[in-house]
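Presented below is the structure to which this report refers.
Residues: numbered from 1 along the sequence shown.
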Amino acid sequence: MSKPRKVHVKSFGCQMNVYDSHRMADTLAPAGFAETTSPDDADLVILNTCHIREKAAQKVYSEIGRVRVMKEAAAAEGRRLLIAVAGCVAQAEGEEIIRRAGAVDLVVGSQNYHRLPQLVARAADGERIVDTEFPVEDKFAALAAPQRAAIQRRGVASFVTVQEGCDKFCTFCVVPYTRGAEVSRPVAQIVTEVERLAAGGVREITLIGQNVNAYHGPGEDGSAWTLGTLLRRLAQVPGIDRLRYTTSHPRDMADDLIAAHAELPELMPYVHLPVQSGSDRLLAAMNRKHTRADYLAAIERLRAVRPDLALSSDFIVGFPGETEADFRDTLALIEEVGFAGAFSFMYSPRPGTPAAEMADQVPQEEKAERLQRLQALIVRQQRSFNASFAGRTLDVLLEKPGKLTGQLVGKSPYLQAVQVMAPRSAIGSIARVTVTEVGSNSLFGALVEYNDAPQLAAAGA
Ligand code: SAM
Ligand code: SF4
């Protein structure tokens with residue numbers, strides 16, 4: 001029997017990449033690759049890359065440089081280390097990666113991970129491979145399911161991709177080019193995956209997609225189901241106590257999804273709804289296909305059914321042509337909504353996107369100055385949101401050991417990290433925790449009560 005080999009997958013960028021990294025490792029497991037958390041003892045290192053902003057894409061080459069040193073050290077010991085580049089940089093740059101970085105053995109695009117066992121075998125035979133064609137077959141149907149040990153190692157909260165790609169073509173964004181057209185997975189496939197995760201001890205599922213609320217996959221009755229209908233179905237899966245979804249587009253915030261927030265106790269009161277800008281002029285230039293008023297109306301509809309709903313968003317500052325007045329519109333929108341948190345970025349021109357060619361690119365110093373002002377406002381809002389929980393008792397899903405001995409870290413319904421002293425056996429249970437202290441990034445609490453997590457206990461984890 002051949003010696004078991006090890007694969008290390010390093011993820012950059014979004015949650016979809018985290019999910020893909022797990023599925024790559026799952027798909028390589030039957031081919032004899034065990035997952036390792038360190039690249040040092042790996043026979044195969046996969047860099048799962050992100051192309052969304054220039055900085056993210058540049059990181060890949062410095063990371064390849066680091067792994068190349070390991071490859072040379074391994075070769076000196078008579079060991080072969082294969083380097084694969086996957087993800088959106090692989091999709092966007094293809095052959096160029098092999099030209100720039102001679103140490104790379106395999107470049108695999110974001111739709112071809114199910115072919116990894118064959119591609120790796122060919123690379124091991126000395127072939128240098130670039131596979132970035134969008135395939136006709138369903139990648140998700142061909143990817144291997146995770147083994148129980150892998151599910152347990154990854155913890156009690158899991159991502160499940162339900163929708164991929166994007167047809168919206170915002171003028172700043174590479175996603176429609178790197179991930180392809182919008183595709184929704186069939187409901188039956190998702191239900192089977194979620195049941196499997198639940199049987200392995202998972203209690204919280206976050207459904208992910210670039211435009212998750214545009215989900216329209218074939219349902220169990222043959223008709224196209226909405227995200228709201230899918231959530232109602234998944235709420236019935238035994239063992240799944242919490243559901244979340246991300247990332248949503250303001251245009252696709254349908255009534256039945258909003259109604260699900262009122263109906264489903266499993267659906268957590270937190271929505272990430274990117275707006276990018278508060279200026280209608282810029283929203284039009286970004287091709288967002290929604291106005292500031294549309295965005296505010298979506299928030300009002302959500303808050304009408306779930307007044308305690310926490311909101312977060314994405315913002316881009318310094319989009320071409322952004323004036324101080326446009327930027328103030330964004331700050332005013334933030335003041336008006338009140339966010340629990342947000343991601344904010346300086347506009348980064350991406351090759352091949354319309355905005356990269358626009359006149360009036362904003363100077364770097366102006367972008368940096370606006371980003372600082374916007375982030376200061378978000379931090380103030382996040383602090384006051386967290387401070388409002390002092391003394392309150394919350395349901396916390398306990399996920400993993402914390403930094404201190406005897407401490408566990410979990411998540412509140414509002415996606416806040418909560419640290420609490422609790423026995424390790426409580427991992428996987430939803431505990432009642434009273435918030436005793438509010439930190440800058442997390443809450444600290446005292447355990448009131450918890451029930452054992454039966455599935456994990458049964459599995460001996
Ligand atoms: N589909 C989501 C949406 O419509 O908002 C987000 C997808 S994108 C992976 C995540 C975020 O990256 C975007 O919301 C946007 O704020 C940011 N982003 C995308 N392209 C960017 C660019 N060229 N420069 C700076 N930020 C960018
Ligand atoms: Fe990119 Fe816009 Fe599609 Fe979001 S909706 S993935 S920002 S093109």
Side-chain angles (χ1 to χ4, degrees), residues 7-29 33-39 42 44-53 55-57 59-60 63 67 84-91 108-114 116 139-140 143-147 149-166 174-175 178-179 183 185 190 193-194 196-198 200-212 215 240 242-248 268 270 272 274 312 314 341 343 345 397 399-400 409-411 415 417:
V7 55
H8 173 71
V9 192
K10 181 158 182 179
S11 249
F12 299 84
C14 68
Q15 294 152 334
M16 299 201 66
N17 270 8
V18 174
Y19 175 83
D20 286 346
S21 294
H22 287 161
R23 300 305 302 270
M24 285 189 236
D26 296 338
T27 297
L28 285 163
F33 279 95
E35 206 176 345
T36 170
T37 52
S38 153
L44 167 64
V45 171
I46 303 178
L47 304 176
N48 191 11
T49 62
C50 172
H51 200 243
I52 198 81
R53 283 167 292 276
K55 247 195 197 154
K59 262 193 208 159
V60 179
E63 194 60 30
V67 188
V85 177
C88 292
V89 178
Q91 191 64 52
V108 54
S110 46
Q111 299 307 322
N112 301 339
Y113 302 149
H114 55 299
L116 269 171
K139 167 184 77 172
F140 289 106
L143 286 165
Q147 291 167 0
I151 298 173
Q152 288 172 351
R153 198 172 53 242
R154 291 169 191 162
V156 296
S158 183
F159 298 130
V160 173
T161 293
V162 298
Q163 176 277 329
E164 212 182 0
C166 182
V174 289
V175 168
T178 57
R179 289 277 175 169
V183 177
R185 293 177 69 188
I190 297 165
E193 187 168 330
V194 169
R196 192 179 177 97
L197 291 168
V202 169
R203 300 196 71 179
E204 176 177 303
I205 297 284
T206 303
L207 304 181
I208 52 176
Q210 271 96 10
N211 272 282
V212 73
Y215 178 86
I240 297 301
R242 289 182 160 196
L243 292 167
R244 304 180 187 273
Y245 61 91
T246 198
T247 293
S248 295
M268 292 294 101
Y270 184 101
H272 181 63
S312 65
D314 290 347
F343 298 104
F345 313 97
L397 172 60
E399 292 184 12
K400 55 186 177 198
V409 189
K411 255 191 260 110
L415 212 60

Response to the item:
d(K400 NZ, K411 NZ) to nearest 0.5 Å is 8.0 Å
Worksheet, complete the sentence: Residue set satisfying side-chain contact (heavy atoms from CB on, under 4.5 Å) with V183, at least two apart, ordered chain then number -> none
Worksheet item: Which atoms form the tightest heavy-atom contact between V202 and I240, and what is the distance?
Response: O-CD1, 3.6 Å
Worksheet item: Can you check whether S110's main-chain N or O pairs, donor with acceptor, with R179's side chain at less than 3.5 Å?
Response: no
Worksheet item: Can you name the nearest heavy-atom pair linking D26 to A150, along with the distance?
Response: OD1-CB, 4.2 Å
Discussion item. Once rounded to the nearest 0.5 Å, what's the spacing between atom CD of E193 and atom OG of S158?
Written reply: 7.5 Å
Discussion item. Using modelled atom types and a 3.5 Å cut-off, is there a donor and acceptor pairing between side-chain atoms of Q210 and backbone atoms of G165?
Written reply: yes
Worksheet item: What is the minimum heavy-atom distance between A84 and L44, and which atoms define it?
Response: CB-CD1, 4.3 Å
Fill in: Side-chain donor or acceptor of N211 paired with backbone N/O of C166 under 3.5 Å
no
Practice prompt. List the steps, then state whether side chain to side chain contact (heavy atoms under 4.5 Å, CB included) holds for F33 with L116.
Written response: CA-CA 11 Å; F33 279 95; L116 269 171; over 6 Å; no
Worksheet entry | Pairwise distance OH(Y19) to CG(L207) - rounded to 0.5 angstrom | 10.5 Å
Worksheet item: How many angstroms lie between CG in D20 and CG in N48, if you round to the nearest 0.5 Å?
Response: 6.0 Å
Worksheet item: Is Q15 atom CD crowded by more than 12 heavy atoms from other residues, nucleotides or ligands, each under 6.0 Å away?
Response: yes
Practice prompt. For K139 and N112, work out which heavy atoms get closest and say how close.
Written response: CD-N, 4.4 Å
Item to complete: Spell out, as yes or no, whether a donor-acceptor pair under 3.5 Å connects the side chain of H272 to the backbone of T247.
Response: no
Worksheet entry | Note, H22 side chain near P146 side chain (heavy atom, < 4.5 Å) | no
Worksheet item: Do we get R23 above Y113's six-membered ring, with its NZ or CZ under 6.0 Å from the centre and within 45° of the axis?
Response: no
Worksheet item: Does some side-chain heavy atom of K10 sit less than 4.5 Å from a side-chain heavy atom of V45?
Response: no
Worksheet entry | Minimum heavy-atom distance H51-C88, with the two atoms named | CB-CB, 3.7 Å
Item to complete: Work out which heavy atom in S248 is nearest to a heavy atom in V212; give both atom names and the distance.
Response: OG-CG1, 3.9 Å
Worksheet item: Do side-chain atoms of R242 reach the backbone of M268 as a donor and acceptor pair under 3.5 angstrom?
Response: no
Discussion item. Quick check: do I46 and V7 have side-chain heavy atoms less than 4.5 Å from each other?
Written reply: yes
Discussion item. Between T27 (side chain only) and A144 (backbone N and O only), is there a donor and an acceptor less than 3.5 Å apart?
Written reply: yes
Worksheet item: Roughly how far apart are T49 OG1 and K59 NZ, rounded to 0.5 Å?
Response: 11.5 Å
Discussion item. Rounded to the nearest 0.5 Å, what separates atom CZ in F159 from atom OG in S21?
Written reply: 11.0 Å
Worksheet item: Donor-acceptor pair, S11 side chain versus N17 backbone, under 3.5 Å?
Response: yes
Worksheet item: Do the side chains of L28 and V9 get nearer than 4.5 Å, heavy atoms only?
Response: no
Worksheet item: Is there a side-chain contact between V108 and M24 (heavy atoms, below 4.5 Å)?
Response: no
Item to complete: Evaluate the criterion side chain to side chain contact (heavy atoms under 4.5 Å, CB included) for residue pair T246 and Y270; output intermediate values, then yes/no.
Response: CA-CA 10 Å; T246 198; Y270 184 101; over 6 Å; no
